Amino acid sequence: MNIRSRLRDRLQTALEGLAPAPDAAVDLAGLAEMVVPSQDPKFGDYQINCAMPLAKALKRPPREVAQELVDRLQVDDLCEAPTIAGPGFINLKVRDDRLVSLLQTAAKDDRLGIAPVAHRKQYIVDYSAPNVAKPMHVGHIRSSVIGDSIYRTLKFLGHNVVGDNHIGDWGTQFGMIIYGFKHFRDDAAYRANPVAELSRLYRLVNQLVGYFEGQAELPKLRQKADAAKAVLAAAQTIAPTGDKNVDKKNAQTLKKAQNDVESSAKAVAELQEKLAAMDADPAVAKLIAAHPKIGAAALEETAKLHSGDEENLKLWQEFMPPCLEALEETYRRLHVTFDETLGESFYHDRLAEVAEDFERKGLARESDGALCIFLPGQETPMLIRKKDGAFLYATTDLATIKYRIERWKPDAVLYVVDHRQSLHFEQLFAAAKLAGYDACDFRHISFGTVLGKDGRPYKTRSGDTVGLKGLLDEAVERAATIVAENDERNPEGPQLSAEERKRVAETVGIGALKYADLSQNRTSDYEFSYDKMLAMNGNTATYMQYAYARVRSIFRRGGVDIEALRAKNIAIELNTPAERQLAVSILRCEEALELALVDFRPNQLTTYLFELASHYSTFFDQCPVLKAPTPELRDSRLMLCDLTARTIKLGLSLLGIDVVEQM
RNA sequence: GCCCCCGUAGCUCAACUGGAUAGAGCAGCCGCCUUCUAAGCGGCAGGUUACAGGUUCGAUUCCUGUCGGGGGUACCA
């Protein structure tokens, strides 16, 4: 049961009785939300913060309002007598006998007493969305892992959820692969491992296309660099005027000009270096000479595919199954699942209709030959058809919205996509609204970039993006080392077989990787580090898995019959701060899940689990379980252990992370 | 140019959306294994929340400005 929400209900009732004048701008529902866990145990378990803002609205002294609220608040069945502190904080301490009865209820319930929501909604969660032709890389972890966790949490709380992987299986990258397949393929390699060969072909063609694009770009960059130099030279001739404001402006201009010169020179140098490196490689240079029009040719292959060219379509159909299987393999390893995998190709024959529909309704018009949706307050329009007649990803996204609304009638669609696409989604949602899809709550669940130690997007030493598979292997390998070391160190000698160690390493390694991502506030960029990820302490999956394994160890050693224990109405004793703290922590799980969904931030859940595991560690240290002074206390503590383990297991499962019995 | 995001302890990050003394982990220092897993526990130290104003009982959070960083911005996704 959710103590916090129950307290909110009680507060709501108390607030209604204290109704202000009807014209006063008081948001009762908002005030009733202001029940939060106390920061400091000395203030009790929960605090109510709404007396101060309410006092302002009522133009009365805050402590007086607090007192009146306390008088009206019916909580004596849940809490000890409320107290008022400071400017008007109302502090609440949950009665120990209530904690005990709630724990007993949780013990007997396979959902730990967490009820499904009263009003279930239909959600669609759009996450992962890799490009089929390109191998998944570090950038795909966040979307996959965050989306999967949101999906699991919504579902656990009783909502209807569709997890949809909107894969990129129809874009320009397929033109590149087809071109590569037609000109550069290694048949033996393709037969042996089609995905690896296709991936090689993609990288090769992409590299060659990049060469020519770079060549075209270079003069422009040089021009920009020259222009920057000219601006700088001009700025340097400006003499001080004596006017403070003017001089400050001039100094600013100068600094900016210096920066521009520096960055544009760097861009030129980097590009030159890249092109020179390719020129210097005889094999590459030969291909460059032989395929001068590769960029246009690759686009042509894409266009042919889209217009139903038999040969290209056949190739596409041949390529897709192994590509999809490769994705599946990664998802299996990550424990990420979907209900649907409806990629771009699924929508391709609906695009023309969508574009025409917008045009017919007067929501889109042609501009410079392209069909555009002009949006209120937006400088740049959203293009839904190119001047060559081809469609864009905005078109696909609109078609996807139409399809989803018609098929699932969702209350909300969540797009778990990185923050760089925020403008796109702003436009997309505005366009959807124009089209009349305004009953649905579209949300861009954006997230930051994964950075390397240098603060730049995470890359290998050679500058390539890091493949996801290698990342997983590395995490598991490092976990294996730690698992082995730890097992060897055991005073009673190693406990795990080679097979068990391997399984533990997989669970710990993958868990660490996912947790590192989920424990971060999703909106911020974060620095990727194996060392931090697999740290043996701190807010990591390992720490929680360890806490879980320690509980299980107690049950193993004690030969405890868990089912019998759960069925008994154990009189849980909460006589030490460690035990009481742990009890309160266990009972906060539902609140944590609720909080994690307010803004769809799984890090709220990880924070909770860390607190729970910390409180357990303290308890574990201070309260002997198997050697408790009395049989009653032993049972009581076993109960707390079991509830802790189940809560950790549940919480981690909603993050998509497993536990191990021994580590 | 315009738009969006960010700046918190030496480092990596939190902070329940305006609440009490801004919290963790790492790194540093001091303690704790003949007792259920020391991948642990207890403690110390570390801060002008980039800067300057403003709003109010109260600001890391809201507003304005400044500095610094990142991202986006008409036919890629």
Side-chain angles (χ1 to χ4, degrees), chain A residues 4 33-34 36-40 43 47 49 52-53 55-56 62 85-89 91 129 131 168 171-173 248 252 344 367-372 378-388 390-394 396 418-424 426 446 448-449 451 455 482-483 485-486 489-492 495 508 519-521 523-527 529 531-532 534-540 542-543 545-547 549-558 591-592 594-596 598-599 601 603-604 607-608 610-611 614 617-618 620-628 637 641 662-663:
Chain A
R4 187 182 175 190
E33 288 294 305
M34 294 177 80
V36 297
S38 296
Q39 284 183 4
D40 191 321
F43 296 131
Q47 61 183 57
N49 295 332
M52 288 82 82
K56 189 192 285 181
F89 296 104
N91 291 325
N131 271 315
T172 44
Q173 75 275 11
K248 200 173 143 196
Q252 243 169 45
E344 292 168 340
S367 166
D368 291 341
L371 187 60
C372 303
Q378 295 265 1
E379 205 178 326
T380 52
M382 183 166 78
L383 272 62
I384 55 172
R385 192 175 62 214
K386 304 201 282 185
K387 63 182 164 203
D388 66 6
F391 300 105
L392 296 105
Y393 78 130
T396 311
D418 79 282
H419 70 285
R420 284 170 302 199
Q421 297 199 36
S422 55
L423 177 60
H424 166 67
E426 207 181 304
S446 73
T449 309
L451 306 175
I482 294 168
V483 168
E485 275 172 7
N486 191 62
R489 251 202 326 264
N490 191 316
E492 297 176 18
Q495 305 288 309
V508 169
S519 60
Q520 214 71 208
N521 181 332
T523 57
S524 41
D525 295 348
Y526 83 97
E527 189 181 293
S529 154
D531 293 336
K532 230 178 15 184
L534 287 165
M536 303 172 188
N537 41 23
N539 188 6
T540 61
T542 316
Y543 180 81
Q545 288 165 331
Y546 183 63
R550 291 208 292 189
V551 174
R552 303 300 300 159
S553 172
I554 289 177
F555 282 83
R556 219 171 20 249
R557 280 182 189 259
E591 294 169 28
E594 189 181 81
L595 190 59
V598 169
D599 260 339
R601 294 195 318 189
N603 71 309
Q604 298 286 5
T607 300
Y608 163 74
F610 180 51
E611 274 165 18
S614 301
S617 290
T618 303
F620 182 87
D621 196 58
Q622 296 178 0
C623 307
V625 178
L626 295 175
K627 292 179 183 163
R637 288 179 174 172
C641 284
Q662 248 178 305
M663 61 189 283

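As the structure is a prediction and not an experimental result, all values here were calculated from the model. Hydrogens, waters and symmetry mates are skipped; everything else that's a heavy atom, side chains included, is used. In what follows, chains are A, B, ... by sequence order, proteins preceding strands, each numbered from 1.
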> For B/A39, does either OP1 or OP2 sit under 4.0 Å from a side-chain N or O belonging to A/N486?
Replying inline: yes
>> So A/L383, base contact, sugar-phosphate only, or nothing? Heavy-atom distance under 4.0 Å.
In response: base
>> With a cut-off of less than 4.0 Å, is there a side-chain N or O of A/R420 near OP1 or OP2 of B/C6?
In response: no
> Do the side chain of A/T618 and the main chain of A/S614 share a donor and acceptor less than 3.5 angstrom apart?
Replying inline: yes
>> Can you list everything that forms a side chain to side chain contact (heavy atoms under 4.5 Å, CB included) with A/I554? Sequence neighbours excluded, please.
In response: A/Y616, A/F620, A/V625, A/L626, A/L638, A/C641
> Starting at CD of A/Q520 and ending at C1' of B/G25, how long is that distance when rounded to a whole Å?
Replying inline: 12 Å
> Does the ring center of A/F89 lie less than 6.0 Å from the ring center of A/F43?
Replying inline: no
> Looking for any heavy atom pair under 4.0 Å, which part of the strands does A/L626 touch: base, sugar-phosphate only, or nothing?
Replying inline: base
> Hey, is the side chain of A/N603 poking within less than 4.0 Å of OP1 or OP2 on B/A15, counting only N and O atoms?
Replying inline: yes
> Is the base of B/A24 touched by the side chain of A/N539 through a donor-acceptor pair closer than 3.5 angstrom?
Replying inline: no
>> Distance check needed: B/A39 P versus A/Q662 CD, whole Å only.
In response: 14 Å
> Hey, does the side chain of A/N49 come within less than 4.0 Å of B/A20's phosphate (OP1/OP2), counting only N and O?
Replying inline: no
> Expressed in angstrom and rounded to an integer, what is the separation of A/H419 atom NE2 from B/G72 atom P?
Replying inline: 8 Å
> Do the side-chain N or O atoms of A/Y543 get closer than 4.0 angstrom to the phosphate oxygens (OP1, OP2) of B/U37?
Replying inline: no
>> What is the separation between atom CD on A/Q378 and atom C1' on B/A74, rounded to the nearest whole Å?
In response: 13 Å
>> Which helical stems does RNA chain B take part in, if a stem means at least 3 consecutive Watson-Crick or G-U pairs with both distances below 3.5 Å?
In response: B:1-7 with B:67-73, B:10-13 with B:23-26, B:28-32 with B:40-44, B:50-54 with B:62-66
> A/A85: what forms a side chain to side chain contact (heavy atoms under 4.5 Å, CB included) with it, not counting sequence neighbours?
Replying inline: A/N91
> Roughly how many Å is it from NE2 in A/H424 to C1' in B/G71, rounded to a whole number?
Replying inline: 16 Å
>> Under 3.5 Å, is there any donor-acceptor pair linking the side chain of A/T172 to the base of B/A77?
In response: no
>> Whole angstroms only, please: what is the CD-P distance between A/Q39 and B/A22?
In response: 9 Å
> For B/C33, does the O4'-C1'-N9-C4 (purine) or O4'-C1'-N1-C2 (pyrimidine) torsion place it in syn, i.e. within 90° of 0, or in anti?
Replying inline: syn
Which pairs, protein N/O on one side and nucleotides 54-62 of chain B N/O on the other, fall under 3.5 Å?
none

> In whole angstroms, how far is the C1' atom of B/A14 from the CG atom of A/D525?
Replying inline: 16 Å
>> Does B/G42 have its OP1 or OP2 closer than 4.0 Å to a side-chain nitrogen or oxygen of A/T618?
In response: yes
> When the distance from CE of A/M34 to P of B/G19 is rounded to whole Å, what number comes out?
Replying inline: 7 Å
>> Test of understanding: with side chain to side chain donor-acceptor pair (under 3.5 Å), list the residues that count as partners of A/Q495, not counting sequence neighbours.
In response: none
> What integer number of Å spans the P atoms of B/G28 and B/A20?
Replying inline: 32 Å
> Of all residues at least two apart in sequence or in a different chain, which pass the side chain to side chain donor-acceptor pair (under 3.5 Å) check with A/R601?
Replying inline: none
> Just to confirm, is there a sub-4.0 Å distance from OP1 or OP2 of B/A39 to any side-chain nitrogen or oxygen of A/Y546?
Replying inline: yes
> Can you tell me if the side-chain N/O atoms of A/R556 get under 4.0 Å from OP1 or OP2 in B/C36?
Replying inline: no
> Within the pair A/S617 and B/C41, is there a side-chain N or O less than 4.0 Å away from OP1 or OP2?
Replying inline: yes
> Would you say a side-chain N or O of A/R550 is under 4.0 Å from OP1 or OP2 of B/A39?
Replying inline: no
> Which atoms form the tightest heavy-atom contact between A/A628 and A/R637, and what is the distance?
Replying inline: CB-NH1, 4.3 Å
